Trainee: 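This structure is in structure tokens; I'll ask about it shortly.
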Amino acid sequence: MTEVRVRFPPSPTGYLHIGGARTAIYNWLFAKQHNGKLILRIEDTDAERSTQESIQGILDGLEWLGVTWDEGPYFQSEFANDHVATAKKLLDSGHAYKCFCTKEELDAKREAAAAAKGDYRYDKTCRGLSAEEAAEKEKQGLPYVVRFKAPEGDGAVGFDDKVYGRVERSYDDIEDFVIVRSNGKPLYLLCNVVDDIRDRITHIIRGQDGLVNTPRQILIYEALGVTAPVFAHMPLTLDLKKAKISKRSHGEIVAVQFYRQHGFLPWALCNFLVLLGWSTTDDQEIFSREEMINAFSLERINRANSIFNYRKGDPKFFTDPKAINMNAHYLRTMPVEELAPLVKEEFVADGIWDAAYDNDKKEWFLKTLDLIRDRFHTLKDFAQAGRAYFADDYEFQPKTVKKNILKHPDLKEWLPQLAERFEEISDFTKEEVERVTREFATALDIKPGIPINGIRASVTGQLAGPGLFDVVLAIGKERVIERMKKVAQLY
RNA sequence: GUCCCCAUCGUCUAGCCUGGUCCAGGACACCGGCCUUUCACGCCGGCAACACCGGUUCAAAUCCGGUUGGGGACGCCA
């Protein structure tokens with residue numbers, strides 16, 4: 001059996017967006033499943049729009065996602081000679097011809113067709129040129145493009161798409177398309193095929209927007225006498241208004257980088273993206289890498305486009321709720337040892353990392369992460385909502401202070417008093433702290449919730465959190481007492 | 001406009017090929033309850049969909065035709 005070889009060919013005209021990432025992931029999964037190779041090829045022939053920065057961004061994005069490639073990155077621009085040589089070959093073999101029609105002539109015809117509400121297709125003016133006529137025009141220095149001779153007659157080109165099934169396109173619908181510009185530079189349709197042949201690509205998994213190109217590319221394969229690879233077109237990702245998501249109209253929300261910056265776990269994003277258009281029959285939605293590699297199949301890719309459920313300005317969900325939910329799921333279920341280094345990165349960046357978390361305080365660090373992670377959605381939450389456990393410069397949420405502190409003016413005295421009782425506890429355990437707290441409430445004849453919520457608010461700044469006595473133990477006797485004594489500053 | 005593709009809860013989807021087991025299952029979101037000092041987790045429950053019309057059939061989400069709706073492509077971009 002021949003080796004499975006797939007490729008991901010981004011054009012470096014911007015950051016890696018989630019649509020591209022999903023394509024890359026599907027290719028990667030397919031390669032892994034078949035012990036094949038994923039080839040990364042940067043399609044940088046559009047020198048105008050390609051940037052070095054963008055290339056780096058794509059590489060970084062893939063790396064972060066964990067999409068590893070086996071060959072490349074190759075750069076399409078380095079194979080220009082191949083493309084030119086192939087165009088010449090097609091010319092020599094009579095599969096293509098030189099067309100001297102000018103852009104102006106063509107534009108005029110196109111407009112005329114549009115005005116007449118007809119559809120435009122190149123009229124093959126130059127297809128009938130004899131060798132002499134063409135040579136003559138060329139000698140005059142007239143610029144020309146190279147056009148592929150589309151087959152004529154009643155036939156059709158077809159192929160069996162792995163997700164869409166049999167796809168056919170009649171010859172009538174295919175015009176003599178341009179494969180080389182008048183400046184001598186070959187176009188995408190040709191370059192892509194040449195590169196895929198050279199890279200011995202066996203399966204092309206790409207977006208459905210490439211579906212209409214496929215028949216023409218198959219024609220090129222045929223003209224070159226090469227068996228075309230297997231095609232699998234995947235549905236597109238649309239926004240809530242059903243428009244194709246794009247960097248231009250959606251901005252950073254569709255950039256992989258955005259998710260990295262907002263505390264997403266790479267695999268959580270991958271898992272979410274894979275599920276956008278692919279599923280199994282058994283309702284499984286959470287997959288480990290290995291499970292996903294095993295379960296994935298081209299045939300189970302959905303044919304309908306899917307919608308990326310993102311509402312701009314949503315106060316609760318900054319991106320698709322399912323993506324956030326999935327991230328939160330991984331955050332609270334992954335081994336805490338694996339979570340720790342990721343949180344460390346955040347803390348280091350935030351300046352609240354303590355080297356002891358890797359040594360003396362490691363056990364405490366892991367235990368604390370485990371304690372607080374249940375209600376977090378992203379890695380960012382550890383340094384924000386969870387800040388009070390690790391630093392003293394935590395913030396007090398205004399509504400929390402209002403509800404759990406200001407509402408009970410007596411807390412100004414109660415909390416420091418209770419703090420003094422805490423100081424006297426020699427055996428500072430959860431049970432002891434709870435007992436002392438409840439006795440305090442009973443003595444004052446107030447609901448235990450008042451001091452309990454007051455403590456939480458003063459020592460964490462947060463309205464919600466783990467069980468208060470776990471919180472107290474995690475933050476530690478000294479810090480808790482100190483913070484409780486400073487409650488007056490909140491009034 | 002032309003060509004192509006698609007159509008199940010708000011969103012992601014299962015079921016469609018091989019009609020009956022589907023008055024349509026799961027997940028997210030939402031609502032209620034339990035738990036509880038809070039929020040979350042967890043558990044329990046609820047809301048909510050076969051785009052429409054016709055045909056085939058004893059029987060259609062499933063097959064066929066049409067309509068409507070949506071998307072994509074129509075470049076000397078990739």
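Quick note: numbers below take in every heavy atom, side chains included, and nothing from hydrogens, waters or symmetry partners. This one's a predicted model, so the numbers in the text were calculated from it and none came from an experiment. In what follows, chains are A, B, ... by sequence order, proteins preceding strands, each numbered from 1.
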Trainee: In whole Å, measure the gap between the P atoms of B:C64 and B:U2 for me.
Mentor: 25 Å
Trainee: Look at the side chain of A:V212 and decide which nucleotide, out of B:G71, B:A78, B:G72, has an atom nearest to it.
Mentor: B:G72
Trainee: Any base atoms under 4.0 Å from A:R303, or only sugar-phosphate, or nothing? Heavy atoms, all strands.
Mentor: sugar-phosphate
Trainee: Please confirm whether the ring centroid of A:H262 lies under 6.0 Å from the ring centroid of A:F258.
Mentor: yes
Trainee: I'd like the P distance from B:C63 over to B:G46, given in whole Å.
Mentor: 31 Å
Trainee: With a 3.5 angstrom cut-off on both distances, give the Watson-Crick or G-U wobble partner of B:C16, or none if there isn't one.
Mentor: none
Trainee: Taking for each residue the nucleotide of RNA chain B with the nearest heavy atom, is it A:D282 or A:L240 whose nucleotide lies nearer the 5' end?
Mentor: A:L240
Trainee: Taking any heavy-atom pair under 4.0 Å as a contact, classify A:K244: base, sugar-phosphate, or nothing.
Mentor: sugar-phosphate
Trainee: With heavy atoms under 4.0 Å as the rule, sort A:C99 into base, sugar-phosphate or nothing.
Mentor: nothing
Trainee: The side chain of A:D283 lies closest to which of these nucleotides: B:G26, B:C30, B:A73?
Mentor: B:G26
Trainee: Which part of the nucleic acid does A:G277 contact within heavy-atom distance under 4.0 Å: base, sugar-phosphate only, or nothing?
Mentor: sugar-phosphate
Trainee: To the nearest Å, give me how far apart OH (A:Y164) and P (B:A73) are.
Mentor: 12 Å
Trainee: For this output row, return yes or no: ring centroids of A:F272 and A:F264 closer than 6.0 angstrom.
Mentor: no
Trainee: Any strand is fair game: report the nucleotide pairing with B:U2 by Watson-Crick or G-U wobble, both distances under 3.5 Å, or none.
Mentor: B:A73
Trainee: Which label fits A:F308 and A:Y259: parallel for a plane angle under 30°, tilted from 30 to 60°, or perpendicular past 60°?
Mentor: perpendicular
Trainee: Nearest whole Å is fine: how far is B:C77 P from A:K247 NZ?
Mentor: 18 Å
Trainee: Within less than 4.0 Å of OP1 or OP2 of B:G10, is there a side-chain N or O belonging to A:R311?
Mentor: no
Trainee: Please classify the nucleic acid contact of A:Y120 as base, sugar-phosphate, or nothing, using heavy-atom distances under 4.0 Å.
Mentor: nothing
Trainee: Respond yes when some side-chain nitrogen or oxygen of A:R438 is under 4.0 Å from OP1 or OP2 of B:U37, and no when none is.
Mentor: yes
Trainee: Taking atom types as they are modelled, is there a donor-acceptor pair under 3.5 Å from the base of B:C76 to the side chain of A:S182?
Mentor: yes
Trainee: Do A:F396 and A:Y394 have ring centroids that are under 6.0 Å from one another?
Mentor: yes
Trainee: Given B:C12, B:G10, B:A14, identify the nucleotide with an atom nearest to the side chain of A:N309.
Mentor: B:G10
Trainee: Start at the 5' end of RNA chain B and walk down; is the nucleotide closest to A:R110 or to A:D470 reached first?
Mentor: A:D470
Trainee: In this structure, how many angstroms lie between the C1' atom of B:G70 and the CG atom of A:D239, rounded?
Mentor: 12 Å
Trainee: Among the candidates B:C41, B:C3, B:C6, find the nucleotide nearest to the side-chain atoms of A:R332.
Mentor: B:C41
Trainee: Just compare B:A78, B:U11, B:U2 and give me whichever is closest to any side-chain atom of A:R121.
Mentor: B:U2
Trainee: Taking any heavy-atom pair under 4.0 Å as a contact, classify A:F308: base, sugar-phosphate, or nothing.
Mentor: nothing
Trainee: B:A14 and B:C74: how far apart are their P atoms, nearest whole angstrom?
Mentor: 29 Å
Trainee: So is A:R332 actually on top of A:Y330's ring, under 6.0 Å and inside 45° of the axis?
Mentor: no
Trainee: What nucleic acid atoms does A:L187 come within less than 4.0 Å of, heavy atoms only: base, sugar-phosphate, or nothing?
Mentor: sugar-phosphate
Trainee: Rounding to an integer number of Å, can you tell me how far A:R169 CZ sits from B:U2 P?
Mentor: 15 Å
Trainee: Could you check how far CD1 of A:I372 sits from P of B:C41, rounded to whole Å?
Mentor: 16 Å
Trainee: Kindly indicate whether the side chain of A:K103 and the base of B:C76 share any N or O donor-acceptor pair separated by less than 3.5 Å?
Mentor: no
Trainee: Can you spot which of A:K124, A:R121, A:R127 makes a side chain to side chain donor-acceptor pair (under 3.5 Å) with A:D176?
Mentor: A:R127
Trainee: Check for me whether the distance between the ring centres of A:F296 and A:W278 falls short of 6.0 Å.
Mentor: yes
Trainee: Do the side-chain N or O atoms of A:K242 get closer than 4.0 angstrom to the phosphate oxygens (OP1, OP2) of B:G69?
Mentor: no
Trainee: Considering only B:C30, B:U38, B:C76, which nucleotide approaches the side chain of A:A464 most closely?
Mentor: B:U38
Trainee: Under 4.0 Å between any heavy atoms, over every strand shown, what does A:R300 touch: base, sugar-phosphate, or nothing? Just pick one.
Mentor: sugar-phosphate
Trainee: Output yes when at least one side-chain N/O atom of A:S279 is less than 4.0 Å from OP1 or OP2 of B:A14, else no.
Mentor: yes
Trainee: Does the structure show a Watson-Crick or G-U wobble partner for B:A7, both distances under 3.5 Å? Name it, or say none.
Mentor: B:U68
Trainee: Any strand is fair game: report the nucleotide pairing with B:U62 by Watson-Crick or G-U wobble, both distances under 3.5 Å, or none.
Mentor: none
Trainee: Quick one: is A:R456 getting a side-chain N or O under 4.0 Å of the B:C39 phosphate, OP1 or OP2?
Mentor: no
Trainee: Hunt down the Watson-Crick or G-U wobble partner of B:C23, both distances under 3.5 Å, from any strand shown, or write none.
Mentor: none
Trainee: Quick check on B:A78: is either OP1 or OP2 less than 4.0 Å from any side-chain nitrogen or oxygen of A:T45?
Mentor: yes
Trainee: Indicate, with a heavy-atom threshold strictly under 4.0 Å, whether A:P448 touches base, sugar-phosphate, or nothing.
Mentor: nothing
Trainee: Just call it for A:K316: base, sugar-phosphate, or nothing, with non-hydrogen atoms closer than 4.0 Å on any strand.
Mentor: sugar-phosphate
Trainee: Consider the side chain of A:L211, meaning its heavy atoms from C-beta on, and name the nucleotide among B:U37, B:A73, B:C5 that approaches it most closely.
Mentor: B:C5
Trainee: Taking pairing as Watson-Crick or G-U wobble with both contacts under 3.5 Å, can you name the mate of B:C47, or confirm there isn't one?
Mentor: none
Trainee: Measure from the side-chain heavy atoms of A:L276 and tell me the nearest of B:C39, B:C12, B:C76.
Mentor: B:C12
Trainee: What is the distance, to the nearest angstrom, from the CG atom on A:D320 to the P atom on B:G10?
Mentor: 16 Å
Trainee: When the P atoms of B:C52 and B:G69 are considered, how many whole Å apart are they?
Mentor: 15 Å
Trainee: Within the structure provided, determine whether A:R373 and A:F382 are in side-chain contact (heavy-atom separation under 4.5 Å).
Mentor: yes
Trainee: If we take the C1' atom in both B:A29 and B:C3, what is their distance in whole Å?
Mentor: 38 Å
Trainee: How close do A:C99 and A:R147 get, heavy atom to heavy atom, and via which atoms?
Mentor: SG-NE, 3.3 Å
Trainee: Nearest to the side chain of A:A304, heavy atoms from C-beta on, is which of B:A7, B:A27, B:U2?
Mentor: B:A7
Trainee: Under 4.0 Å, heavy atoms only, any strand: does A:Q76 hit a base, just the sugar-phosphate, or nothing?
Mentor: sugar-phosphate
Trainee: How would you label the contact of A:E285 with the nucleic acid (heavy atoms, under 4.0 Å): base, sugar-phosphate, or nothing?
Mentor: base
Trainee: Check salt bridge (charged side-chain N to carboxylate O under 4.0 Å, His left out) between A:R483 and all other residues, then give those that pass, not counting sequence neighbours.
Mentor: A:D392
Trainee: Any base atoms under 4.0 Å from A:N325, or only sugar-phosphate, or nothing? Heavy atoms, all strands.
Mentor: sugar-phosphate
Trainee: Looking only at side-chain atoms of A:R375, point me to the closest of B:G15, B:A78, B:C39.
Mentor: B:C39
Trainee: Need one value for A:L236: base, sugar-phosphate or nothing, where a base atom within 4.0 Å counts as base even if backbone is also close, heavy atoms only.
Mentor: sugar-phosphate
